[in-house]
Undergrad: 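Mind looking over this structure? Questions follow.
Chain A is the first sequence line, chain B the second, and so forth, proteins listed ahead of strands; every chain is numbered from 1.
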Protein chains: 2
Amino acid sequence: MGAMRRPTMTDVAREVGVTAKTVSRVLNDGPVAVETRERVLAAVRKLGYQPNLMARNMRVGARDAAIGLVIPEMGNPFFGTVAGGVESAVRARGLTLIVGSSDEAAGLEQSLIATFLARRVSALMVVPAASSDHRHLRSERVAGLPIVFLDRPSAGLRADCVVSANREGSRTGVAHLIVHGHRRIGFVGDVPASLYTRRERLQGYRDALDGAGLPYDRALVETGHDVEAAARATMRLLSLADPPTALFAGNNLASMGAVVALSRAGRKDVAVVGFDDLPLAEALDPPLTVVAQDPAAVGAAAAEMVLRRLDGDRSRARRTTVPTRLIARGSGELPPR
Amino acid sequence: MGAMRRPTMTDVAREVGVTAKTVSRVLNDGPVAVETRERVLAAVRKLGYQPNLMARNMRVGARDAAIGLVIPEMGNPFFGTVAGGVESAVRARGLTLIVGSSDEAAGLEQSLIATFLARRVSALMVVPAASSDHRHLRSERVAGLPIVFLDRPSAGLRADCVVSANREGSRTGVAHLIVHGHRRIGFVGDVPASLYTRRERLQGYRDALDGAGLPYDRALVETGHDVEAAARATMRLLSLADPPTALFAGNNLASMGAVVALSRAGRKDVAVVGFDDLPLAEALDPPLTVVAQDPAAVGAAAAEMVLRRLDGDRSRARRTTVPTRLIARGSGELPPR
DNA sequence: TTGTAGGCGTTATCAT
DNA sequence: ATGATAACGCCTACAA
């Protein structure tokens with residue numbers, strides 16, 4: 001008898017002596033006689049019938065009851081938390097989440113998007129890779145597919161997006177250092193320099209300097225794409241002839257790099273403010289002052305935007321900014337040496 | 001003119017003057033005349049045709065070219081990295097990844113699994129929630145659906161699983177503390193106590209004590225389900241009449257809790273070894289000694305197991321153990337006070 | 001090399 | 001309240 005076929009709606013119908021459509025009606029709360037409904041449900045249980053969502057989604061012109069999400073990296077808790085925020089919001093609507101990670105590579109991102117489109121997902125959510133371009137999505141937008149960008153805006157496409165208050169948050173964090181007396185403040189930022197979040201946060205850094213009448217010194221701006229690189233960048237800053245007395249780290253990896261470098265160098269006299277909170281921030285010595293983002297809120301806001309679009313909201317593309325919050329813990333309040 | 005319909009294979013065929021089947025052959029590298037192929041491809045480009053994967057997956061008896069993955073929490077970098085390991089391995093085979101998070105709740109896990117089954121995923125990968133039961137998956141296993149459990153084994157179902165060397169790793173970490181002179185070692189573990197990883201790691205702790213002829217003192221075993229709870233658990237241990245001189249933390253959250261508590265209490269004289277590495281471990285004071293897991297390897301190994309099963313491997317269920325590695329950084333080498 | 005017929009499992013439409 | 005028929009977009013099997 002071999003592997004037996006999984007029961008279909010027709011099998012259930014035959015068991016009861018009705019038509020597939022009647023079974024369908026039972027399962028979709030259509031108009032069915034009470035007695036018929038019960039017999040159908042009994043047969044469903046007896047046969048262990050499970051509706052086939054693939055087939056259901058195949059109905060005339062219908063889309064897959066799934067949302068495609070592209071993030072740069074799943075292991076990064078920032079993006080993981082964003083994805084978690086998306087998933088719970090989306091599941092509440094009976095949609096499932098399909099994810100892929102682009103590894104920050106535009107080509108991979110595009111092929112993931114192509115796969116999702118081929119699956120006819122109901123909506124697309126993308127954290128764009130650094131150098132990606134989204135003009136190829138124009139026809140999809142025109143056709144009405146909801147597309148929302150997270151954390152970073154799209155390139156070459158007018159579409160909804162949800163971002164953190166990068167520039168404002170960064171300005172606040174640097175101003176905090178200035179208030180505590182610092183006049184030479186190093187910036188350890190993302191790579192590449194063209195990355196949206198890096199540009200915005202650097203701009204916030206400059207805003208703060210401008211606001212205090214301090215000069216912008218290019219020598220104080222360094223770059224590192226991972227923890228080790230950020231640590232090296234930090235060491236370069238500290239070994240300048242006229243070194244900074246404080247550091248502003250432009251993301252979570254840069255913060256870790258700065259903290260690691262200072263720890264290795266045994267320096268506890270350099271003030272630090274990091275962009276994005278870290279789980280162990282409080283346990284550091286001194287505890288790390290940060291400009292905290294709210295990744296779950298970014299994910300949730302983006303998901304809500306998608307759901308509104310799915311509900312028919314055709315208003316023009318909107319940018320949502322999720323506020324940041326300065327959390328003073330000690331490292332940002334150190335006075336200049 | 002309204003939203004125009006997306007072009008189908010038939011539209012392309014009509015454009016060229018052939019049959020849909022011929023277009024299908026072109027797209028699947030079937031036998032087609034060179035000249036016909038070129039005309040078809042031209043029409044594909046012209047119309048912007050994209051194959052419909054939903055329909056393709058609907059073929060007789062076919063399954064969705066997707067893998068369903070259930071993890072307890074997306075924001076936890078451990079599980080995020082596991083998922084990343086799965087995703088890259090799986091994508092290399094043209095499969096996409098569908099994820100859901102169970103929030104460590106058996107009910108939610110089961111409903112996610114039901115959704116994935118309804119979608120007819122090609123395989124199921126599950127990090128089981130603490131109190132879940134998988135007997136309901138027996139029929140799927142019998143029917144040949146590849147099912148692999150990660151990080152924790154299944155309950156009530158004989159199936160493949162990939163776990164870390166919890167007991168052995170834990171034994172090694174505690175033995176390390178003993179070698180450095182400690183005789184009273186506290187254990188800060190997961191909750192609930194029935195959780196597989198917690199049980200295994202506690203057993204490793206006891207193995208190490210036994211191996212050194214040290215007594216097992218229940219008063220030294222505490223529990224915390226998140227960072228704050230673990231911090232409180234740590235404080236309880238430190239305020240015992242005969243307090244431990246060293247702590248073994250049973251997971252990453254417990255490690256953070258222990259570190260946070262010691263930092264708040266200003267205690268730098270308590271030795272600590274944590275299970276699972278932390279990004280900032282090196283920047284702590286003292287730097288944190290850990291038993292590192294390899295979450296990406298866990299994910300990759302599980303994915304490879306799934307792929308073998310998809311390739312027809314029908315051998316009996318196998319358990320794969322991914323080794324851990326002790327990384328001595330300082331906190332685990334402190335002598336007893 | 002290319003075409004025809006049929007079906008996957010479901011739901012919409014129109015009858016009865 | 002229920003049934004018959006067709007259709008969604010693709011692929012397999014067989015035929016020409």
Undergrad: Is any side-chain N of the basic residue among A/Glu304 and A/Arg308 closer than 4.0 Å to the acidic one's carboxylate O?
TA: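 Answer for the salt bridge query: no.
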Undergrad: Between A/Gln293 and A/Val163, is there a side-chain heavy-atom distance shorter than 4.5 Å?
TA: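 The answer is no, as the side chains (C-beta and beyond) never meet within the 4.5 Å cut-off.
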Undergrad: Can you build the contact string for nucleotides 2-12 of chain C? Use B for base contact, S for sugar-phosphate-only contact, and - for no protein heavy atom under 4.0 Å.
TA: BBB---BBSSB
Undergrad: Side chains of A/Asn28 and A/Arg56: closer than 4.5 Å at any heavy-atom pair?
TA: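 When only atoms from C-beta onward are counted, A/Arg56 and A/Asn28 do touch, with a gap below 4.5 Å.
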Undergrad: Answer yes or no: is there a side-chain heavy-atom contact under 4.5 Å between B/Thr36 and B/Thr22?
TA: yes
Undergrad: What are the 5'-most and 3'-most nucleotides of DNA chain D lying under 4.0 Å from any heavy atom of chain A?
TA: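 Listed 5' to 3', the contact boundaries are D/dA1 to D/dG9.
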Undergrad: Report yes or no: do A/Glu140 and A/His134 form a side-chain donor-acceptor pair below 3.5 Å?
TA: no
Undergrad: Decide, yes or no, whether a salt bridge links A/Arg318 with A/Asp313 under the criterion of side-chain N to carboxylate O below 4.0 Å.
TA: yes
Undergrad: Enumerate the residue pairs fulfilling ring pair (Phe, Tyr, Trp, His ring centres under 6.0 Å) with a member in residues 69-119 of chain B, sequence neighbours excluded, ordered by first and then second residue.
TA: none
